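In each ligand, atom 1 is the first atom listed, and ligand 1 is the first ligand listed. Owing to the predicted nature of the structure, the values given are computational and were not obtained by experimental measurement. We use all heavy atoms of the structure for the numbers below, so side chains are in, but hydrogens, waters and symmetry mates are not.
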Amino acid sequence: MTKKQQKFIFVTGGVISSLGKGIAAASIGNILENRGLTITFQKFDPYINIDPGTMNPFQHGEVYVTEDGTETDLDLGHYERFTNVSLSKLNNYTTGKIYYSVISKERRGDYLGNTIQVVPHITNEIKEKIVEIAKNVDVAIIEIGGTVGDIESLPFLEAIRQMRNDFGAENTIYIHLTYVPYIQSADELKTKPTQHSVKQLREIGIQPDILLCRTEKEISKEMKEKISLFCNVPVDAVITARDVPSIYEVPLIFHHEGLDDKIIELLNIWTRKPEFKEWTALLERIKNPQGNVTIGIVGKYVDLKESYKSLSEALFHGGIAHNVKVKLEYIDATLLEKNKGINKLKKADGILVPGGFGDRGIDGKIKAIKYAREHRIPYFGICLGMQLAVIEIARNVCKLKNASSTEFNPRCEYNVIDLMEEQKEVKDLGGSMRLGAYPCKILKNSKAYEAYEDEMISERHRHRYEFNNKFKDDFTKHGVLFSGRYVQRNLVEIIELEDHPFFLACQFHPELKSKPLNPHPLFRTFIKASLEQKKALLTTNAPP
Ligand code: GLN
């Protein structure tokens, strides 16, 4: 039997950052899956950190966690949401990881006698990772982080340049995402930035095969011809990537622009006819909501939507499940501490406290949780949001004065949230939390069971602290239901309040597994409860 030919799509970006390269790559995966191809993704991040795990969300945005517990770039979240792939540590490499691997080999003596250099040692290491990931799929989509022209991306670009020689033109294609700005004063789209970006790519030896032109307006045929001429790309490979209200529309835009046809022609690959029925139906639902619901997210990074990417998507998916639009109201926890922002809290049909680290803003979040509990507003707590719900209940229901987590007060008397034994031994902070997928047993007759309709589930984690089982009886006496447990270690995974329309909090991060075609059960039920809350309020406030 002949070995299957490996095929690669390399996605680069130019002109400016934040053009949506991750969504473009994810959409390419989506359209290829919809033609029956098996795919995977790999993202290379040019920074030197081993992973984004220890980076501030202001620097990096959300840290996405894979099943195997790797802390990765948020683009991997887009890849998983847009397609059926399941990713792992092999799907995200940073410069730091690549160098770490080369330096470890050097220390072991693997290169005895040689001077270790960027070319060929670093570039070979990068190529090995790419070849490895492409082993069992029809096409591997490789995204290079950063923008062409950055010093840091050069070894990655050099590695993918070499791959055309190694694998041939039919098996390697280069897709470049660029920007065609609209200049208001001239009432014109401008192609010059794209020309310069492609020129830079060509200087390092890469001639793009396809251009994705991010733009506000439709690009005319004449303009495509101009781009084609100056960038040396066939005109049918100049694709308009117009701004759209929903990111989930991008695959359909690409398909209508003929991107999948072009890719399979260049890769010389046979596929079935495109099948976009499910995705088109999804978009119809997104575009025609039958109402809306407002969710208040009480957090510390409210100005930085990128740090709650998976969360806002999962809430949006919860809305899709009920045909409603979910309006997100970000509420700054530090303002709540100063008694500001209460009005925003009052406007919310449901309140959510997401994950987080450190003690800034925690009193504001606890205030919001107390408000939700006392006013019987649906509450959904995630990770830190569960820990703070535990603290709120401990202080105000169980009357455990100043109860806290040892994360915020290492010497507190009522340490209702505490470090696990093995976490006490941890010296290096990178990659050492409870990370990745763990099984969880769900108690029947609980809200969690109503949502999952299953007794055994699995969810992803990213935290160090846990509920302190010493206090379990006290909480049970005060109406707390421990409805999810990691049996093997007897760790609390989900808590609920029995006498409340919806008060549920979990130690894991369910947002990481929600998809538009398959909204996560907990988000689905939280949105449902919030909708019921809204309806109840409308009836009470209705004129007689
Ligand atoms: N800071 C808490 C912990 O480490 C919660 C982490 C989180 O919300 N992801 O356990």
How does M433 reach ligand 1, if at all, at less than 4.0 Å between non-hydrogen atoms: by side chain, backbone, both, or neither? neither

Can you pull out the closest protein heavy atom to atom 9 (N) of ligand 1? Residue, atom name and distance to 0.1 Å, please. R462 O, 2.8 Å

Counting only heavy atoms closer than 4.0 Å, does ligand 1 sit against the backbone of E466, its side chain, both, or neither? neither

Output yes when the distance from some N or O of ligand 1 to some N or O of G358 is under 3.5 Å, and no in every other case. no

To which protein heavy atom is atom 6 (C) of ligand 1 closest, and what is the distance rounded to 0.1 Å? G356 O, 3.3 Å

Identify, for atom 10 (O) of ligand 1, the protein heavy atom at the shortest distance, and state residue, atom and that distance. Y465 N, 2.8 Å

Considering only heavy atoms of H509, which atoms of ligand 1 have at least one such atom less than 4.0 Å away? 9 (N)

Basic-acidic side-chain contact under 4.0 Å: E407, R464: no

Indicate whether the side chain of S86 and that of E67 have a donor and an acceptor atom separated by less than 3.5 Å. no

Side chains of R489 and E466, heavy atoms from C-beta outward: is any pair under 4.5 Å? no

So, F526 versus H520, ring centres under 6.0 angstrom or not? no

Distance to 0.1 Å, residue and atom name: give those for the protein heavy atom nearest to atom 7 (C) of ligand 1. C383 SG, 3.0 Å

Salt bridge E128-K105, side-chain N to carboxylate O under 4.0 Å: yes

Is it true that E80 and R460 make a salt bridge, defined as a side-chain N closer than 4.0 Å to a carboxylate O? yes

Greater than 12 external heavy atoms within 6.0 Å of Q488's CD: no

Distance to 0.1 Å, residue and atom name: give those for the protein heavy atom nearest to atom 4 (O) of ligand 1. R464 N, 3.0 Å

Starting from atom 1 (N) of ligand 1, what is the nearest protein heavy atom, named by residue and atom, and what distance separates them? E407 OE1, 2.8 Å

